[in-house]
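Written below as structure tokens is the structure these notes are about.
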Amino acid sequence: MNQLKAVIFDLDGTLLDNNQIHLESWKIYLKKIGLNISDEDYKANISGRTNHDAVEHIFHKKMTKEEAEVYYLEKEKIYRELYAPIIKPVDGLIDFLEELQNANIIMAIATSGIQVNIDFMFEHVPIRKYFIKIINSTHIKNGKPDPEIFETTAKMIEIEPKNCIVFEDSTAGVDAAIDAEMKVIALTTTHTEKELHRADKVIDDFTKVNFEELSSLFKS
């Protein structure tokens with residue numbers, strides 16, 4: 001019988017309830033250059049994906065890494081300035097991480113984000129000690145919903161996908177976790193429960209889940 005050995009967390013919208021800030025940051029940045037993005041377009045095509053993929057979608061063209069960085073690094077600077085005064089973890093996160101650590105569960109982060117934003121989170125939310133690996137967009141070629149980021153994380157923490165649970169908030173992330181053959185729990189920070197129906201379980205925050213419930217997903 002399979003059993004839980006590792007938990008892999010997305011970052012944006014999962015560890016932090018920050019996707020509304022990301023959306024606002026995109027709108028502020030794009031307004032400066034005469035463009036706009038709708039809430040619906042953001043949810044469907046930007047949330048959960050790499051900045052490179054986001055920029056190519058917004059501008060409707062393929063770009064090199066260097067070309068895309070010109071756009072998204074400025075947007076991410078706006079994001080950090082907006083979010084710094086109010087940044088906090090999703091409710092229940094710290095206690096949940098402690099519970100997993102006490103149960104000797106391996107933990108990692110697999111995010112489509114960039115390192116400067118990861119460092120920004122750790123500066124304000126002291127949770128770095130819980131994670132043995134931090135995987136970001138520079139470690140992969142294909143962003144979510146491609147399963148590469150979760151497959152790469154499993155290899156780096158040396159745990160079989162069948163023994164992993166992913167926490168995600170985006171539909172792209174849920175699809176990626178499923179295609180990586182991992183269990184997945186989705187948070188309703190960005191999408192509705194109905195939109196996240198493919199997940200094994202849907203929760204509002206980390207007060208709604210515990211280690212025993214995670215383990216029970218492997219008994220069915």
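The residues of the chain are indexed from 1 along the displayed sequence. Bear in mind that the values here come from a model prediction, so they are computed numbers and not experimental data.
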From [atom1] ([X]) to [atom2] ([Y]), nearest 0.5 Å:
X    : Y    : atom1 : atom2 : result
H52  : K62  : NE2   : NZ    : 7.5 Å
L11  : I114 : CG    : CD1   : 11.5 Å
I94  : L15  : CD1   : CG    : 9.0 Å
E98  : L93  : CD    : CG    : 10.5 Å
F211 : Q101 : CZ    : CD    : 13.5 Å
I157 : F131 : CD1   : CZ    : 11.5 Å

- When you look at I46 and H22, which way does the side-chain contact (heavy atoms from CB on, under 4.5 Å) test go after all the steps? CA-CA 10 Å; I46 304 298; H22 275 297; over 6 Å; no
Indicate yes or no for a side-chain donor-acceptor contact from [X] to the backbone of [Y] under 3.5 Å, with no hydrogens or angles considered.
X    : Y    : answer
N18  : G13  : yes
E148 : I140 : no
T152 : I149 : no
E56  : M63  : yes
E181 : P161 : no
S112 : G48  : yes

Is the number of heavy atoms from other residues, nucleotides or ligands under 6.0 Å of [X] [atom1] greater than 12?
X    : atom1 : result
E193 : CD    : no
E158 : CD    : no
E66  : CD    : yes

Heavy-atom pair of closest approach, residues [X] and [Y]:
X    : Y    : result
K183 : F218 : CG-CZ, 3.9 Å
Q3   : N163 : O-ND2, 2.8 Å
E195 : T171 : O-CG2, 3.5 Å
A180 : F150 : CB-CB, 3.9 Å
R49  : P145 : NH2-CD, 3.8 Å
M156 : K133 : O-CE, 3.7 Å

- Message: Does this structure show an ion pair linking K27 with D39, if we count only N-O contacts that are shorter than 4.0 Å?
- Response: yes
- Item | Pair E69 + K65: basic N to acidic O under 4.0 Å |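 Salt bridge between E69 and K65, a charged N being under 4.0 Å from a carboxylate O: yes.
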Heavy-atom side-chain contact between [X] and [Y] under 4.5 Å:
X    : Y    : result
Y71  : I58  : no
M107 : I127 : no
E99  : N210 : yes
I28  : E81  : no
Y42  : N45  : no
Q115 : T138 : no
Y130 : I109 : no
E168 : L196 : no

Are [X] and [Y] grouped together when hydrophobic residues (ILVMFWY) are joined by side-chain heavy atoms under 4.5 angstrom apart?
X    : Y    : value
F9   : I132 : no
I185 : I159 : no
V166 : V90  : no
L100 : I106 : no
I8   : V202 : yes

Can [X] and [Y] be counted as having a side-chain donor-acceptor contact under 3.5 angstrom?
X    : Y    : answer
N136 : T111 : no
E24  : Y79  : no
T207 : D91  : no

- Show your reasoning for whether side-chain contact (heavy atoms from CB on, under 4.5 Å) applies to I134 and R128. CA-CA 9 Å; I134 314 291; R128 177 65 182 87; 3.8 Å; yes
- May I have the step-by-step check of side-chain contact (heavy atoms from CB on, under 4.5 Å) for D169 and S47, ending in yes or no? CA-CA 9 Å; D169 72 294; S47 178; 4.1 Å; yes
- Query: Of D10, D179, D175, which meets side-chain hydrogen bond (donor to acceptor under 3.5 Å, both in side chains) against K144?
  - Reply: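 Passing option: D10.
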- Query: After noting the C-alpha distance and the side-chain angles of I21 and I86, does the key distance pass the side-chain contact (heavy atoms from CB on, under 4.5 Å) rule?
  - Reply: CA-CA 10 Å; I21 306 297; I86 58 172; 4.1 Å; yes
